[in-house]
Amino acid sequence: MRLLVLGTAAGGGVPQWNCACAGCAAARADPARRRRRHASIAVEAGPGRWYVVNATPDIGEQIEACPQLHPGPGRRDTPLAGVILTDAELDHTLGIPRLREASGLRIVATGAVRAALSGGLRLDAVLGPYAGVSWAALPEKGLEVLDGGPLEVQGVRVSGKRPRYAADLDAGGEDGWVVALRVRDRRSGRVLVYAPCLAAWPKELDEALSGADCVFFDGTFWDDDEPRRAGFTDRTATRMGHLPITGPGGTAGRLAELPAARRLYTHLNNTNPLVDPDDAGHRRLAAAGIEVAREGALIEL
Ligand code: MLT
Ligand code: MN
Ligand code: ZN
């Protein structure tokens, strides 16, 4: 299995357009080292066929930054086979309308995420006259085989947090609002888990992580109090739907114990000290065998 790291930032990116904090200012001054695009990866479903996991507002630039995703050989041929969604948050879905030039768009999502995009954002209606959308279910029980194999995907529910725009939406009883994505390659048996938004660590996640060869984890906040200290909310990281990296309830300690070959944090908020590549936190994580995902990396499992 091959995957590409397209972006590693939480909503807003780094720099965020309306933010003058130290981290965002430093990213403006030194974009080559410090800019981070919205969190996303691409997985190769077949030779030269890639699914993006979450379609971010940066998707156009993310495609241009990766030769594997460039169009060709025909004028409108694209290796982009579709989009898999872990949730319906705007930072993970606003890239979908940017793909309207496609001849058709395949979206793999849970029922709740589909309800949010169809009923809340009205994406079916908006995109219908451009690229028609075809939906495939991201199952929480059982597996969806992508394009006939070899990749099989599954959603593991990690939160019931709805996007704010869908707070009152009638989702027809669907409630798989946020999932971790588990991808298994039937040929090699290799397993990837992609979990950028983790409000809790249910036992189903432990099952999904067992035997995983590579895991991407919610690295939004370094510690639970960070969002309150930063002054943009009175809620803790956990209350905002993101388990912190360190401190009580932190994920780094548990990640360090995983046998997974690679453990990477992604979805970093611009308040997270790790957005500074020289921050001591990187060395602390490295000592536990954990990395912060690097944009542009091609990972082969
Ligand atoms: C999140 O990761 O919690 C969401 O992206 C927040 C938001 O966009 O409001
Ligand atoms: Mn987010
Ligand atoms: Zn900022």
Side-chain angles (χ1 to χ4, degrees), residues 5-31 33-41 52-59 62 83-96 109-110 112-113 116-117 120-121 157-169 176-181 194-200 216-224 226-245 251 265-277 279 292-293 295:
V5 180
L6 304 184
T8 57
V14 190
Q16 176 172 313
W17 68 277
N18 64 344
C19 188
C21 78
C24 288
R28 277 184 197 101
D30 187 3
R33 270 191 92 222
R34 300 196 51 158
R35 186 202 58 213
R36 289 180 184 271
R37 291 190 168 117
H38 285 94
S40 174
I41 59 170
V52 290
V53 183
N54 295 334
T56 86
D58 298 320
I59 193 161
Q62 288 171 324
V83 179
I84 308 172
L85 297 172
T86 60
D87 55 75
E89 292 289 352
L90 292 175
D91 56 333
H92 292 162
T93 55
L94 281 180
I96 295 171
T110 65
V113 169
L117 297 188
L121 293 184
R157 195 179 298 197
V158 287
S159 160
K161 181 184 152 192
R162 291 171 171 234
R164 280 187 263 170
Y165 70 81
D168 302 318
L169 183 81
W177 289 101
V178 184
V179 296
L181 178 71
Y194 185 74
C197 298
L198 215 54
F216 284 78
F217 248 60
D218 184 341
T220 312
F221 298 113
W222 177 253
D223 66 85
D224 208 29
E226 179 186 321
R228 291 201 297 208
R229 267 196 327 274
F232 64 86
T233 177
D234 53 13
R235 292 181 300 165
T236 61
T238 307
R239 287 279 319 282
M240 290 181 72
H242 298 285
L243 294 178
I245 295 175
T251 53
Y265 278 116
T266 187
H267 198 271
L268 272 60
N269 195 56
N270 48 44
T271 53
N272 188 327
L274 292 174
V275 298
D276 178 354
D279 184 75
V292 173
E295 297 186 8

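Whatever order the structure lists them in is the order used to number ligands and atoms, beginning at 1. Here the structure is a predicted model, which is why all the values come from computation and not from measurement.
For the atom pair NE2 of H92 and NE2 of H267, the computed distance is 4.0 Å after rounding to the nearest 0.5 Å. Atom CG of residue L90 and atom CG of residue L121 lie 6.0 Å apart, to the nearest 0.5 angstrom. Rounding to the nearest 0.5 angstrom, the gap separating the OG1 atom in T251 from the NE2 atom in H242 is 12.0 Å.
In this structure, the protein non-hydrogen atom closest to atom 5 (O) of ligand 1 is D91 OD1, 2.9 Å.
Qualifying side chain to side chain contact (heavy atoms under 4.5 Å, CB included) partners for A26, counting only residues two or more places apart in sequence or in other chains: R34.
Of the N and O atoms on the side chains of Q62 and T56, at least one donor lies less than 3.5 Å from an acceptor on the other residue. Between the side chains of T266 and Y194, not a single donor N or O lies within less than 3.5 Å of an accepting N or O.
Protein nitrogen, oxygen and sulfur atoms, that is N, O or S, within less than 2.8 Å of the Zn ion (ligand 3) amount to 3.
The Mn ion (ligand 2) lies at the vertex of an angle of 100° between the NE2 atom of H267 and the OD2 atom of D91 (rounded to 10°).
With a 4.5 Å cut-off on side-chain heavy atoms, R229 and D223 count as touching. Using a 4.5 Å cut-off on side-chain heavy atoms (C-beta onward), V113 and V179 make no contact.
Using a 4.0 Å cut-off to heavy atoms of H267, the atoms of ligand 1 that qualify are 2 (O).
Proximity of K161 to ligand 1, defined as any heavy-atom pair under 4.0 Å, is confined to the side chain (atoms from C-beta onward).
Taking all heavy atoms of E89, M240, H242, R164 into account, the minimum distance to atom 2 (O) of ligand 1 is reached by H242.
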